Protein chains: 2
Amino acid sequence: MSPCDTCVVRNRAICAGLDNPEIAALSTMGRRRTVSAGEPLIWEDDDSLLVANVIEGVLKLTTSTADGREQIVGVAYPSDFIGRPFGQTSAASVVALTDARVCVFSRNDFDRFAREHPELEHKLLERTLSELDRTRAWMMLLGRKSAPEKIATFLLDMSDRLADNGCGPHAGPARQFTLPFSRQQVADVLGLTIETVSRQFTKLKSDGVVALPSRRDVEILDRGALQLLAG
Amino acid sequence: MSPCDTCVVRNRAICAGLDNPEIAALSTMGRRRTVSAGEPLIWEDDDSLLVANVIEGVLKLTTSTADGREQIVGVAYPSDFIGRPFGQTSAASVVALTDARVCVFSRNDFDRFAREHPELEHKLLERTLSELDRTRAWMMLLGRKSAPEKIATFLLDMSDRLADNGCGPHAGPARQFTLPFSRQQVADVLGLTIETVSRQFTKLKSDGVVALPSRRDVEILDRGALQLLAG
DNA sequence: GGGAGACCTTGATCGAGATCAAACTCGACC
DNA sequence: GGTCGAGTTTGATCTCGATCAAGGTCTCCC
């Protein structure tokens, strides 16, 4: 397998600020990997000590109870960072929602490299703080919002997240987009059942708030109404 | 107001690894402040740009909806870090649950200082990663656990958190402890109503799983049962 | 383009937890 | 000690979302 050069080039967020010799060093450590939709990102080492960068695609981070209930606790988009440097194994498991390409690093190598490159640690810190903010906002949704509010908030969030996937100028939220989630996965993000999600989608459609041209496609017809519903 | 020297001494987590001149520089930036139970930690600057370290006491981080529903999205114990360096204002508001002492820094000063001291940024990163792990585990609770499971998980979590508040050798989880939360605040942590929390406490008491000598005091009688209930 | 199966929608019913309402407890303060 | 009031418990009822149970639809693959 060749060094994962494209991931360090594409992943501006992680690598910005490193000058060239440092990028070269990071690139020799990373290995590119593809993961098909539905496949887990299996950590190759026995000790489960890997970290990764998303190059392309969307992955979910989930935790489950012993009896099989699942909660999606995070979603990783291109340029996002996956894994848990500097500590015990993260409890979450990672599964690709779409075909994905990632750049994988051994955790030990990555940790050592990060310690030697403060600029990388700084980027990682900013990114982790942002993720924590987002996660806390989601706690509000899970603990206190009703099903209609959850669905509306979810659609607005997806609209924002899927807007700036490309590299162009920030174009604002997307009016139409393709969900990387099945109905069950939407339920697992929102702490609902698949039936409730389906009913809420149907209601939004019949109220003329959204159009649903296909199972995965969403077109927002009345953003104001969604924002009102989102609470 | 004098430089906040005790906070940097006591807060090993933030300051470990900095050699003495650096500690001196940090200590000139921080100002000690006390906050009474129930009082918000009001950010003094107009632009709400402060960060802080907890020296003593417990504080809650909350988000609220427009119509007044509240969710506690984090709890800060001694040595924990509060605030949002390197970015826009965090959405959460901070209120002391007990009388508290904190060490406050101007965000700009702190940011600049952190950028110049990679060891501090590293500590901050480890801490933020741990907090993210904890927050994600809480998402599972909020999204997928039943009221009895939530209460049991909460009590076990409190037992762990309140155990190593002191500086002695790690003594394992506490068998009895004083909750820093009112019933309403427990409800706000767990995404329940106060009535449901009260009923679950009463049930655990009459089942002999816990003793409740006073409103705020808890004694765990049957930890195994709690762990079973926690799911 | 036809069949199979995964995924999704819809309907009927149920129940956990919310809501509404009232009594009780405990500590603070006079 | 008595009173006041916030905080808590307990009870009755209601409701939202879960659960149970069919159908329906899209897509993949031959």
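Small disclaimer: the values here were computed from a predicted structure and weren't measured. We use all heavy atoms of the structure for the numbers below, so side chains are in, but hydrogens, waters and symmetry mates are not.
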| query | Once you round it to whole Å, what is the distance between C1' of C:dC8 and CG of A:Leu179? | reply | 14 Å
| Which of the following nucleotides, C:dA18, C:dG17, C:dT9, is nearest to the side chain of B:Thr193? | C:dA18
| request: Classify the nucleic acid contact of A:Gly38 as base, sugar-phosphate or nothing, counting any heavy atom under 4.0 Å across all strands shown. | output: nothing
| field | Residue whose nearest DNA chain C nucleotide is more 5′ - A:Phe181 or B:Leu192 | value | A:Phe181
| said: Whether A:Asp157 and A:Arg134 form a salt bridge (side-chain N of Lys/Arg under 4.0 Å from carboxylate O of Asp/Glu) is what I want to check. | reply: no
| For DNA chain D, which residues in residues 196-216 of chain A have a heavy atom at a distance below 4.0 Å? | A:Thr196, A:Arg199, A:Arg215
| request: Provide, to the nearest angstrom, the distance between the NZ atom belonging to B:Lys145 and the C1' atom belonging to C:dG17. | output: 18 Å
| field | d(CG, B:Asp217; C1', C:dC26) in whole Å | value | 13 Å
| field | Sidechain N-carboxylate O distance under 4.0 Å for B:Arg183, B:Glu195 | value | no
| Given atom CD1 of A:Ile151 and atom P of C:dC8, what is their separation to the nearest angstrom? | 13 Å
| query | Taking the side chain as C-beta and beyond, is there a heavy-atom pair between A:Lys203 and A:Pro148 under 4.5 Å? | reply | no
| message | Looking only at the aromatic ring of each residue, does the gap between the centers of B:Phe81 and B:Phe105 stay below 6.0 angstrom? | response | no
| field | Covered region of DNA chain D, 5' end to 3' end, by chain A [heavy atoms, under 4.0 Å] | value | D:dG17 to D:dC26
| Quick one: are A:Pro173 and A:Arg223 in side-chain contact, heavy atoms under 4.5 Å? | yes
| query | Below 4.0 angstrom, N of the basic side chain to O of the carboxylate: do A:Glu131 and A:Arg136 qualify? | reply | no
| message | Just the rounded figure in Å: distance from P of C:dC8 to CD of A:Gln184. | response | 9 Å
| query | In whole angstroms, how far is the C1' atom of C:dG17 from the CG atom of B:Leu190? | reply | 13 Å
| field | Distance flag, aromatic centroids of A:Phe154 and A:Phe201, threshold under 6.0 Å | value | no
| task | Mind calculating the distance between CD (A:Glu195) and P (C:dC14) to the nearest angstrom? | result | 16 Å
| said: Taking the basic N atoms (NZ, or NE/NH1/NH2) and the acidic carboxylate oxygens, is any pair closer than 4.0 Å for A:Asp188 and A:Arg69? | reply: no
| said: Taking the nucleotide of DNA chain C with the nearest heavy atom to each, does A:Ser182 or A:Arg144 sit closer to the 5' end? | reply: A:Ser182
| task | Salt-bridge test for A:Glu70 and B:Arg144: reply yes if a basic N is under 4.0 Å from a carboxylate O, no otherwise. | result | no
